[in-house]
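Take a look at the structure below.
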There are 2 protein chains.
Amino acid sequence: MSNTPHLKPLRTLCSSCSLRELCLPVGLNRDEVEQLDAVIRQSRVVKRGEYLYRSGEEFKSLYAIRTGFLKACVSSQDGREQVTGFYMSGDLVGLDGISSNHHGCDAIALEDSEVCELPFARLEEIGRVIPSLQTHFYRLMSREIVRDQGVMLLLGNMKAEERLAAFLLNISQRLYSRGFAANDFVLRMTREEIGSYLGLKLETVSRTLSKFQNDGWIEVNHKHIKLLKPKELKELVSGCAHQI
Amino acid sequence: MSNTPHLKPLRTLCSSCSLRELCLPVGLNRDEVEQLDAVIRQSRVVKRGEYLYRSGEEFKSLYAIRTGFLKACVSSQDGREQVTGFYMSGDLVGLDGISSNHHGCDAIALEDSEVCELPFARLEEIGRVIPSLQTHFYRLMSREIVRDQGVMLLLGNMKAEERLAAFLLNISQRLYSRGFAANDFVLRMTREEIGSYLGLKLETVSRTLSKFQNDGWIEVNHKHIKLLKPKELKELVSGCAHQI
DNA sequence: CGGGTCTTTGAAGATAGTCAATTTAGGTGG
DNA sequence: CCACCTAAATTGACTATCTTCAAAGACCCG
């Protein structure tokens, strides 16, 4: 789509990235961000449907998402698939690969995406030199653990309607914090992928969305969702200690 | 129970700890373990039913479990409780607190336990000095993420029997790797706590255990469990990519 | 514009949850 | 050390929720 030809592949820099306040550079000063710039190997484009990495592949790098939307999923031998997360700009993916030096899940683009490759070994090195980066990185890993615990609460305790309400609010809040409209957005994933993430069948997801629409809480136009009564959705999930 | 009076509280050292090969010191040389020893503030006893920490409390330390058994759980405002994990000797708890400087869940002893307190700030410091400790620590955090993903797969995709089989095998394997019998053990948690962890009601847990017993796969005597046909249990959960 | 994917909706069926009654175990205190 | 008492576990009957199976309709990309 771009009309701007360029001779070299575009070099992406944290220091000039609009995601500075969301992504890894949070809390770093100018010098530190420049050191971080030196770590980024390159930015990489992943087309819709393509794998960023596959389960079992050797783990070398984390990826910071610049633009686009990805899902992570673990697949079982007999074909069952569990979506473990959806990731958007500013999110960091691949943290599960550190433990065994092999990726533990697949990462698949749900729309054309661009990611920054961060070789983990280099990240470790500069973490030792920039304590604030290291601290921030520990926090990011811990945040992933907290997020997963929230999903466990959702999967273990909540009914279909509560799960879907929590899901919609979570997407809404994340888009909002990235400067998009909170109550009017387009889902990038299928009903089946939502269902997999929420531990529901796609028919249940569809039915529940229809019910919310009939109640006047949301407006559904295929993947285009409008939250008409976010407050009611929040009340539905309230009682759950953590949002996902 | 101890007949050995001592004037000072017992100082516990990694270098003389029988859990060296399971716990944080994995892969460290003698010098490095001694540096780690200097970090441990003290060992602390948590009686059955007591809290090691509570959700919302300020996060200062991680805890390595020396002896005993704990559960971690997130509680919701309306009283719903989700057990997010069971922890035994050599396990590290509290990782979820790093992200916000506040503990995100409760940690409660299911039997009298002894833990080593590891002030996180000091752990960060020596991580910068001992790269292998830092790498190992990243791995531990990542392992927690992988574990949580396994639980998500379990909660999202598996039926009651599969969940319980996976649970029994997980406990079995973890006890085995600590030198205990794999097929003959005592559960430290109630049916309700198992159910909370697995996203099932306690009655379902009880019924499913009874069914396994009727099938001759296990022998149940209250909390005492014998696995008679672990192979059949494994076949039941096979197809799931990751054990929890 | 057309084929395949995605979605919606209905009806029937299965799994797990709820409610309830009984039994058992294990800790506490005398 | 024993007896009591409370908490935990088992089991049954019924119900709710979600899944499964099925068919039809809508969209979107090439």
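Residue numbers start from 1 in every chain, and the chains themselves are labelled A, B, ... in the order their sequence lines are given, proteins ahead of strands.
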May I have the step-by-step check of side-chain hydrogen bond (donor to acceptor under 3.5 Å, both in side chains) for B:Ser196 and B:Glu81, ending in yes or no?
-> CA-CA 7 Å; B:Ser196 171; B:Glu81 173 180 299; 5.0 Å; no
For nucleotides 16-23 of chain D, 5' to 3', base contacts (B), sugar-phosphate-only contacts (S) and non-contacts (-) with protein non-hydrogen atoms under 4.0 Å give --SBBB--
What integer distance in Å separates B:Glu192:CD from D:dA7:P?
-> 12 Å
Side chain to side chain donor-acceptor pair (under 3.5 Å) with A:Ser61: which residues, sequence neighbours excluded?
-> A:Glu117
For DNA chain C, which nucleotides open and close the run of contacts to chain A, 5' to 3', at under 4.0 angstrom from a non-hydrogen atom?
-> C:dT7 to C:dA11
In terms of side-chain geometry, is the basic nitrogen of B:Lys211 or B:Glu161 positioned less than 4.0 Å from the acidic oxygen of its partner?
-> yes
May I ask you to verify if any side-chain N or O of B:Ser206 is less than 4.0 angstrom from the OP1 or OP2 atom of D:dA8?
-> no
Under-4.0 Å salt bridge between A:Asp91 and A:Arg178 = yes
How many angstroms lie between atom OG of A:Ser89 and atom CZ of A:Phe180, to the nearest 0.5 angstrom?
-> 6.0 Å
Mind checking ring-ring contact (aromatic ring centres under 6.0 Å, His included) for A:Phe59 and listing every partner two or more places apart, or none if nothing turns up?
-> A:His103, A:Phe120
By ring-ring contact (aromatic ring centres under 6.0 Å, His included), which residues pair with A:Phe212, not counting sequence neighbours?
-> A:Trp217
Give me the residues of residues 222-230 of chain A where at least one heavy atom lies under 4.0 Å from an atom of DNA chain D, by number, or none.
-> A:His222
Kindly say whether the aromatic ring centers of B:Tyr87 and B:Phe69 come within a distance under 6.0 Å.
-> no
Grab the CG-P distance between B:Leu209 and D:dT11 for me, whole Å please.
-> 10 Å
Output for pair (B:Glu57 CD, B:Asp106 CG), nearest 0.5 Å, gives 8.5 Å
Given A:Arg188, A:Arg48, A:Lys71, A:Lys223, the one that forms salt bridge (charged side-chain N to carboxylate O under 4.0 Å, His left out) with A:Glu111 = A:Arg188
